[in-house]
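A short worksheet on the structure shown next.
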Amino acid sequence: MLQPFDLQLPDGNNLTGRVYTSVQTSNVRKYLPLLVCVHGGSYITEYFNIDSQHSVARVSQALEVLVISISRPSYGRTIWKGFGSLSGATSVVLLAHSIGAIVATIAAGCHIGAEGYPLAGLITSSICVEHLPHKTLVDPAVCLHTDRLNKPVPSAELHNINVIWLEHGNRYSNAIQIPLMYRLGEFDRLFPHIECGIVPIAPHFIEMSFQGTGWLYRCFGFACECAVSQGILPKS
């Protein structure tokens with residue numbers, strides 16, 4: 001399971017979330033990512049840490065990659081100073097779901113390299129609207145946590161996603177210079193024209209579904225690829 005943390009931000013506010021710190025990394029790996037998970041609307045950090053059997057910590061331990069899950073909003077530099085360089089990570093990769101994926105897309109589109117943390121990759125899932133029921137695609141044990149995990153979505157966030165993002169989303173998407181992996185559940189769609197991969201038999205909440213483990217292993221693998229590319233390729 002991920003363990004809670006509380007960091008004080010430069011503006012006096014606090015950043016809370018959970019982190020898996022029991023990673024013991026092999027010395028043969030020169031380039032390592034710090035995987036930062038960003039939840040979507042109506043959830044908090046627990047989206048990636050439901051219970052002992054449904055936690056990103058299981059993949060983190062198996063692949064020896066440090067992972068943290070934050071409660072939005074967040075600041076990249078503070079995360080990097082608090083966890084990144086101290087853990088041996090050489091770069092940051094964002095893993096974001098739904099509304100959180102839109103937030104992460106904006107952050108990546110605005111990133112120019114002078115922010116104080118090395119952003120190497122972006123993974124987004126489910127920037128879309130589900131059209132079919134998904135309960136049969138999820139372990140019933142996960143559904144038992146629905147009331148605990150579900151949180152109200154701020155009205156301002158819903159307005160921004162449905163108005164501002166639709167008007168200005170392409171500007172941020174087109175400005176991204178780092179590797180991007182985007183996946184969509186088979187029964188989840190929104191954009192009519194986009195190049196992406198489909199996760200078969202998956203709902204909007206891919207990370208919570210039966211396909212969640214396979215998807216997360218793919219995310220961690222992509223994060224490792226991004227860390228190597230960021231560490232080896234010449235900086236522009």
Side-chain angles (χ1 to χ4, degrees), residues 1-27 29-40 43-50 52 55-97 99-124 149 151 157 176-179 207 216 219-231 235:
M1 293 287 285
L2 304 180
Q3 300 303 313
F5 71 83
D6 190 328
L7 288 178
Q8 186 170 8
L9 302 176
D11 61 4
N13 292 315
N14 280 33
L15 168 66
T16 61
R18 289 181 173 268
V19 59
Y20 187 72
T21 57
S22 299
V23 174
Q24 296 181 352
T25 303
S26 170
N27 291 331
R29 299 173 65 182
K30 185 175 180 179
Y31 304 106
L32 291 170
L34 167 63
L35 190 61
V36 179
C37 301
V38 185
H39 62 84
Y43 285 95
I44 57 174
T45 181
E46 302 297 340
Y47 177 80
F48 293 95
N49 189 60
I50 299 173
S52 61
S55 173
V56 71
R58 292 170 61 89
V59 186
S60 174
Q61 181 182 35
L63 298 184
E64 299 183 338
V65 172
L66 181 70
V67 62
I68 70 173
S69 176
I70 63 171
S71 291
R72 297 189 279 117
S74 175
Y75 297 85
R77 179 178 298 184
T78 301
I79 293 174
W80 182 246
K81 286 185 175 180
F83 299 105
S85 56
L86 296 179
S87 69
T90 56
S91 59
V92 174
V93 175
L94 299 176
L95 166 58
H97 171 261
I99 293 178
I102 294 177
V103 175
T105 297
I106 294 174
C110 294
H111 191 271
I112 61 174
E115 290 81 0
Y117 63 99
L119 185 61
L122 171 64
I123 306 166
T124 62
L149 296 173
K151 307 296 178 183
E157 181 169 276
I176 294 177
Q177 301 297 316
I178 56 176
E207 292 80 3
L216 288 174
C219 292
F220 274 75
F222 181 77
C224 291
E225 293 175 0
C226 292
V228 172
S229 297
Q230 197 271 345
K235 308 300 185 293

_Residues which pass side-chain contact (heavy atoms from CB on, under 4.5 Å) with Ala104, listed by chain and number, not counting sequence neighbours_ = Leu94, Ala96, Leu122
*Results of salt bridge (Lys or Arg N to Asp or Glu O under 4.0 Å) for Glu225 - residues two or more places apart only*: none
_So which atom in Cys226 and which in Val93 form the shortest heavy-atom distance, rounded to 0.1 Å?_
CB-CG2, 3.9 Å
*Closest heavy-atom contact between Ile123 and Cys219?*
CD1-O, 3.3 Å
*Just by distance, do the side chain of Gln61 and the backbone of Val59 share a donor-acceptor pair under 3.5 Å?*
no
*Ile50, Val56, Leu216 screened by side-chain contact (heavy atoms from CB on, under 4.5 Å) with Glu207, the one that passes*: Leu216
_Applying side-chain contact (heavy atoms from CB on, under 4.5 Å), can you list everything that pairs with Thr90, at least two apart in sequence or on another chain?_
Tyr31, Ala227
*Taking the side chain as C-beta and beyond, is there a heavy-atom pair between Leu95 and Phe222 under 4.5 Å?*
no
_Asn49 side chain reached by Tyr20 side chain, heavy atoms, under 4.5 Å_ = no
*State whether the side chain of Ser60 and the backbone N or O of Val65 hold a donor-acceptor pair below 3.5 Å, judged by distance alone.*
yes
*Which distance, rounded to the nearest 0.5 Å, do you find between the OG of Ser91 and the CG of Leu32?*
8.5 Å
*Identify, with sequence neighbours excluded, every residue that meets ring-ring contact (aromatic ring centres under 6.0 Å, His included) alongside His39.*
none
*Can you name the residues that form a side-chain contact (heavy atoms from CB on, under 4.5 Å) with Thr16, not counting sequence neighbours?*
Asp6, Ser71
*Could you tell me which non-hydrogen atom of Ala120 sits nearest to which non-hydrogen atom of Pro179, and how far apart they are?*
O-CD, 3.2 Å
*asked:* Taking side-chain contact (heavy atoms from CB on, under 4.5 Å) as the definition, give me every residue that meets it alongside Val19, ordered by chain and number, with sequence neighbours left out.
replied: Phe5, Thr21, Leu66, Ile68, Phe83
*Atom pair CH2 (Trp80) and CG (Leu34), whose distance is rounded to the nearest 0.5 Å*: 6.5 Å
*Are Val38 and Ile70 side-chain neighbours, meaning at least one heavy-atom pair lies under 4.5 Å?*
yes
_Nearest atoms (heavy-atom pairs only) where Pro118 meets Gln230_ = CB-NE2, 3.5 Å
*For Leu7 and Gly82, which heavy atoms make the closest approach, and how far apart are they?*
CD1-CA, 4.5 Å
*Min side-chain heavy-atom separation Phe48-Arg18 under 4.5 Å*: no
*asked:* List the residues meeting side-chain hydrogen bond (donor to acceptor under 3.5 Å, both in side chains) with Thr45, not counting sequence neighbours, and say none if there are none.
replied: Ser69
*With sequence neighbours excluded, tell me which residues meet ring-ring contact (aromatic ring centres under 6.0 Å, His included) with Tyr47.*
Tyr43, His97
